[in-house]
Amino acid sequence: MSAYKSDFLNVLAERGFIHQVSEPDALDQLAKSQPITAYIGFDCTAASLHIGSLLPIMMLHWLQQTGHRPIALMGGGTTRVGDPSGKDESRRILTDEMIAENLKGIRAVFSKFLKFEGGGGNAVMANNADWLNSLNYIDFLRDVGRHFSVNRMLAFDSVKMRLDRQQELSFLEFNYMILQAYDFVELNKREACVLQMGGSDQWGNIVSGIDLGRRMSNAQLFALTSPLITTGSGAKMGKTAAGAVWLNADMVSPYDYWQFWRNTEDGDVGRFLKLFTVLPLDEIGRLSALQGAEVNEAKKVLATEATALVHGRAAADEAAGTARKTFEEGAHAENLPTVEIASADMQSLGVLAAFVRAGLVSSNGEARRQIKGGGLKVNDATVTDEKMVLTPTALTPEGVIKLSLGKKRHVLLKPQ
């Protein structure tokens, strides 16, 4: 039984989203008595958000589902600066055009999780460039900068870690927490926003905003952070050997996205079902109790439900069906990732080059190592000879060659 009285904090607590809350009783009382407005900031450093952003997006989703008003704040202004939290080196500076382009890609993801104004909901997408880009430096120093103590700023973890490692921290980045605090105050003034949420590494920045709101406009503001999500083996969530797991379909296909979730470690399935799906808790309880080989059923549900949220139910079911055909029925599924190759190249294609072309390995050397370990297959037959050559005789009746890395990654080569 959760200690909270408001639906909002209850749901977040039960599903594992809460790490720290400032003044939990006062926030709980406020959320119980009236709809509140809360925000999370997202910087626009790439054309898509990745799985690391999924947790905060889900927090905004549940905020709206429990009757409140979410703001997704795009960091059109702060992306020009860069957040030093948890980073060892400075971010590259993006042009305004690159930021605007990235913003477009990011907007598309949010509409899958939130109902925006004009689309039958009350969610707002704001952009801090609206107030940061036109700031007058001298006025800003006088009105906002005077409330910040450099002594305290130096004590924040995000700054301290960089300085302790004797890594460069530019004045530009040092200003980041002042700008983030100012965002909170602006959103309170413009949108009556009283809560900022974020990852646990944002606690210091959010508390600075609470403090600034009190000093500048005597506002009562709140902070709520989520835990840092690591896998059972201690790895950072959302990082794979192939790189970041992006949420846009043109960067990571629905099938590869489904596979990412299907490969969840056994011990993480219950926790990830709570955080990354909208399944009811009693159903999650049933799936979490599955043991042995049955855990794979829970992983498939996790994969399909998580994929449905980002890519839609049809794409999720198709990915699940493709996986079932490939792994359980051993058939060629035409929906597997396909790499087209010139017919001329298909006359005598070395097996090492074929796996590199398919993107299953990064180099000939890696392909050789995989062959030694029995990890590569052509048309479901294990490759034993690294000098093997693929010719048109290897084509299946469907006119493709199926390349496999381990049991779970498959690509079809198709001559053109």
Please report the closest heavy-atom contact between [X] and [Y], naming both atoms and the distance.
{"X": "Trp62", "Y": "Thr277", "answer": "CZ2-O, 4.2 Å"}
{"X": "Cys193", "Y": "Ile71", "answer": "CB-CD1, 4.3 Å"}
{"X": "Val295", "Y": "Leu290", "answer": "CG2-O, 3.3 Å"}
{"X": "Leu275", "Y": "Phe17", "answer": "O-CZ, 3.4 Å"}
{"X": "Gly16", "Y": "Pro227", "answer": "O-CG, 3.7 Å"}
{"X": "Thr264", "Y": "Leu302", "answer": "OG1-CD2, 3.5 Å"}

Report yes if the side chains of [X] and [Y] come closer than 4.5 Å at any heavy-atom pair, otherwise no.
{"X": "Gln180", "Y": "Gln202", "value": "yes"}
{"X": "Val301", "Y": "Leu279", "value": "yes"}
{"X": "Leu141", "Y": "Tyr137", "value": "yes"}
{"X": "Leu352", "Y": "Arg368", "value": "yes"}
{"X": "Tyr39", "Y": "Leu60", "value": "no"}
{"X": "Tyr255", "Y": "Thr307", "value": "no"}
{"X": "Val378", "Y": "Lys402", "value": "no"}
{"X": "Phe184", "Y": "Leu73", "value": "no"}

Rounded to the nearest 0.5 Å, what's the gap from [atom1] on [X] to [atom2] on [Y]? Could you check?
{"X": "Ile36", "Y": "Leu63", "atom1": "CD1", "atom2": "CG", "answer": "6.0 Å"}
{"X": "Met197", "Y": "Met59", "atom1": "CE", "atom2": "CE", "answer": "5.0 Å"}
{"X": "Leu221", "Y": "Gln196", "atom1": "CG", "atom2": "CD", "answer": "9.5 Å"}
{"X": "Asn364", "Y": "Phe355", "atom1": "CG", "atom2": "CZ", "answer": "12.0 Å"}
{"X": "Leu195", "Y": "Leu30", "atom1": "CG", "atom2": "CG", "answer": "9.5 Å"}
{"X": "Phe174", "Y": "Leu154", "atom1": "CZ", "atom2": "CG", "answer": "4.5 Å"}

Heavy-atom donor-acceptor pair, [X] side chain to [Y] backbone, under 3.5 Å:
{"X": "Arg69", "Y": "Glu191", "value": "yes"}
{"X": "Lys115", "Y": "Gly120", "value": "no"}
{"X": "Arg142", "Y": "Ile138", "value": "no"}
{"X": "Asp139", "Y": "Leu135", "value": "no"}
{"X": "Ser404", "Y": "Gly406", "value": "no"}
{"X": "Asp28", "Y": "Tyr4", "value": "no"}
{"X": "Asn127", "Y": "Gly76", "value": "yes"}

query: Do the ring centers of Trp261 and Phe276 come within less than 6.0 Å of each other?
result: yes
Decide, yes or no, whether a salt bridge links [X] with [Y] under the criterion of side-chain N to carboxylate O below 4.0 Å.
{"X": "Arg409", "Y": "Asp256", "answer": "no"}
{"X": "Asp211", "Y": "Arg215", "answer": "yes"}
{"X": "Arg313", "Y": "Glu305", "answer": "yes"}
{"X": "Lys32", "Y": "Asp7", "answer": "no"}
{"X": "Glu366", "Y": "Arg369", "answer": "no"}

Any donor-acceptor N or O pair under 3.5 Å, side chains [X], [Y]:
{"X": "Asn248", "Y": "Ser48", "result": "yes"}
{"X": "Gln64", "Y": "Asn122", "result": "yes"}
{"X": "Ser200", "Y": "His19", "result": "no"}

- prompt: With a cut-off of 6.0 Å (strictly less than), are more than 12 heavy atoms of other residues, nucleotides or ligands near NZ of Lys112?
  reply: yes
query: With a cut-off of 6.0 Å (strictly less than), are more than 12 heavy atoms of other residues, nucleotides or ligands near CZ of Arg152?
result: no
- prompt: Mind checking what makes ring-ring contact (aromatic ring centres under 6.0 Å, His included) contact with Phe110, not counting sequence neighbours?
  reply: Phe42
message: side chain to side chain contact (heavy atoms under 4.5 Å, CB included), that's the test. Do Leu309 and His61 meet it? Break it down for me.
response: CA-CA 11 Å; Leu309 283 176; His61 170 81; 5.7 Å; no
query: side chain to side chain contact (heavy atoms under 4.5 Å, CB included) between Asn175 and Phe148: does it pass, once the steps are laid out?
result: CA-CA 10 Å; Asn175 271 274; Phe148 284 81; over 6 Å; no
- request: From the options Thr382, Val361, Val383, select the one residue that forms a side chain to side chain contact (heavy atoms under 4.5 Å, CB included) with Ile371.
  value: Val383
message: Please evaluate residues Thr231 and Asp268 with respect to the criterion side-chain hydrogen bond (donor to acceptor under 3.5 Å, both in side chains), reporting the C-alpha separation (whole Å), side-chain torsions for both, the decisive distance (0.1 Å), and the verdict.
response: CA-CA 7 Å; Thr231 64; Asp268 293 328; 4.6 Å; no
task: Begin from the C-alpha positions of Met74 and Ile106 and carry the test side chain to side chain contact (heavy atoms under 4.5 Å, CB included) through to its verdict.
output: CA-CA 9 Å; Met74 299 291 102; Ile106 292 169; 3.7 Å; yes
field: Derivation and outcome, salt bridge (charged side-chain N to carboxylate O under 4.0 Å, His left out), residues Arg271 and Glu265
entry: CA-CA 11 Å; Arg271 190 164 53 115; Glu265 294 174 28; over 6 Å; no
task: For salt bridge (charged side-chain N to carboxylate O under 4.0 Å, His left out), just list the numbers for Arg190 and Asp130, CA-CA rounded to whole Å, side-chain angles, deciding distance to a tenth of an Å, and then say yes or no.
output: CA-CA 11 Å; Arg190 290 165 179 245; Asp130 292 352; 5.2 Å; no
- prompt: Given Thr304 and Trp258, is the side-chain hydrogen bond (donor to acceptor under 3.5 Å, both in side chains) satisfied, shown in steps?
  reply: CA-CA 6 Å; Thr304 302; Trp258 190 95; 2.9 Å; yes
Check against side chain to side chain contact (heavy atoms under 4.5 Å, CB included), Thr338 and Val400: CA-CA 9 Å; Thr338 300; Val400 294; 5.7 Å; no
query: Where do Lys372 and Glu386 land on the salt bridge (charged side-chain N to carboxylate O under 4.0 Å, His left out) test, with the steps shown first?
result: CA-CA 9 Å; Lys372 283 201 179 87; Glu386 65 179 52; 5.1 Å; no
